[in-house]
Amino acid sequence: MPSAGGVVGGLSGCSALARPETTRLAELILLNLDEPSHTLHVRISRDGERVHTADYALDEGSKFGTRENSAPVIQEEWMSTAGKYTVAARVDDQSDWYEHRFPAKNRRGDCFSVTIRIRQGGVLDMPSNETDSCNE
């Protein structure tokens, strides 16, 4: 009967569990779920080089992200280049940037859909999902 150490040693070299060295971004979705309108400042770097900087005026949450007024979706050519991405955002005149790195330590995907979301009180979060949209 193999020891527990033997089993762990056998799995430690398994490349199927390793995360990719690089990734691509399929899309960035911008959402304002807060009541007042906000300006969302976004900057994105790939392999340490800035590839995107923009400011977006987002309507108040009750009028935004609906079928009549859909959320902005960023899909640009530079996103299809594989690399190590840093997506950073801040709201209005806040000084702190909220940022995520892709590929992420806790995710193994090589293509991500990222939502930059302003929640109640102007709080940012950035959920992401692995997707196969980069292959289309």
Side-chain angles (χ1 to χ4, degrees):
M1 183 165 148
S3 71
V7 172
V8 171
L11 292 175
S12 65
C14 183
S15 63
L17 299 176
R19 70 181 172 102
E21 294 286 321
T22 62
T23 192
R24 294 175 288 165
L25 301 177
E27 63 187 2
L28 293 171
I29 302 167
L30 310 178
L31 284 176
N32 179 17
L33 303 177
D34 201 11
E35 279 193 30
S37 299
H38 287 287
T39 300
L40 181 65
H41 308 277
V42 177
R43 64 183 186 199
I44 301 169
S45 299
R46 181 182 57 238
D47 299 326
E49 181 180 331
R50 187 77 43 90
V51 292
H52 182 79
T53 302
D55 301 326
Y56 300 93
L58 302 180
D59 292 339
E60 62 186 78
S62 62
K63 297 180 182 177
F64 189 71
T66 63
R67 184 171 294 182
E68 297 79 30
N69 187 12
S70 59
V73 176
I74 301 167
Q75 293 176 311
E76 296 184 13
E77 188 65 33
W78 57 263
M79 299 168 79
S80 65
T81 301
K84 294 180 181 179
Y85 283 88
T86 301
V87 179
R90 69 180 175 91
V91 177
D92 299 327
D93 295 327
Q94 294 177 0
S95 59
D96 293 333
W97 289 84
Y98 184 95
E99 66 179 45
H100 270 247
R101 295 184 191 336
F102 299 92
K105 289 181 181 181
N106 59 346
R107 295 270 178 92
R108 289 190 264 281
D110 64 353
C111 178
F112 287 91
S113 171
V114 180
T115 301
I116 302 174
R117 185 168 55 190
I118 303 171
R119 300 182 67 81
Q120 188 174 14
V123 175
L124 273 177
D125 68 356
M126 202 178 295
S128 60
N129 295 307
E130 183 180 349
T131 180
D132 58 3
S133 295
C134 290
N135 297 326
E136 294 177 358

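Keep in mind that the numbers below use all heavy atoms, side chains included, and drop hydrogens, waters and symmetry copies.
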Against Ile118, only a single residue in Thr39, Asp92, Leu58 fulfils side chain to side chain contact (heavy atoms under 4.5 Å, CB included); can you say which?
Leu58
Side chain to side chain contact (heavy atoms under 4.5 Å, CB included), paired with Ser128, selected from Leu28, Val114, Thr115:
Val114
Strictly distance-based, threshold 3.5 Å: is any side-chain N or O of [X] a donor or acceptor partner for the main-chain N or O of [Y]?
| X | Y | value |
| --- | --- | --- |
| Arg90 | Gln94 | yes |
| Asp34 | Gly122 | yes |
| Asp110 | Thr23 | no |

Between the side chains of Trp78 and Glu76, is a donor N or O closer than 3.5 angstrom to an acceptor N or O?
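Side-chain D/A pair, Trp78 to Glu76: present.
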Between Ser37 and Glu60, is any side-chain donor less than 3.5 angstrom from a side-chain acceptor?
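Ser37 vs Glu60: no donor-acceptor pair found between side chains.
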Report the residues that fulfil side-chain hydrogen bond (donor to acceptor under 3.5 Å, both in side chains) with Arg46, sequence neighbours left out, ordered by chain and then residue number.
Tyr85
Selection residues 85-125 - residue pairs positive for disulfide (SG to SG under 2.5 Å), sequence neighbours left out
Cys111-Cys134
Given the rule in the side chain to side chain contact (heavy atoms under 4.5 Å, CB included) test, do His52 and Val42 qualify, once you have shown the distances and angles that lead to the verdict?
CA-CA 8 Å; His52 182 79; Val42 177; 4.3 Å; yes
Working to the nearest 0.5 Å, report the span between [atom1] of [X] and [atom2] of [Y].
| X | Y | atom1 | atom2 | value |
| --- | --- | --- | --- | --- |
| Glu27 | Asn129 | CD | CG | 9.5 Å |
| Asn32 | Asp59 | CG | CG | 8.0 Å |
| Thr81 | Arg24 | OG1 | CZ | 9.5 Å |
| Met79 | Leu25 | CE | CG | 5.0 Å |
| Ile116 | His100 | CD1 | NE2 | 10.0 Å |

Carefully, step by step, assess Leu124 and Leu40 under the rule side chain to side chain contact (heavy atoms under 4.5 Å, CB included).
CA-CA 10 Å; Leu124 273 177; Leu40 181 65; 3.9 Å; yes
Minimum heavy-atom distance Glu77-Ser80, with the two atoms named
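That would be O-OG, 2.8 Å.
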Indicate the atoms forming the closest heavy-atom contact of Ser133 with Thr131, along with that distance.
OG-OG1, 3.0 Å
Look at Asp125 together with Arg117 and state whether they make a salt bridge at an N to O cut-off of under 4.0 Å.
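Result for this pair is yes, salt bridge flagged.
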Take Thr86 and Glu99, measure what side chain to side chain donor-acceptor pair (under 3.5 Å) needs, and give me the verdict at the end.
CA-CA 7 Å; Thr86 301; Glu99 66 179 45; 5.3 Å; no
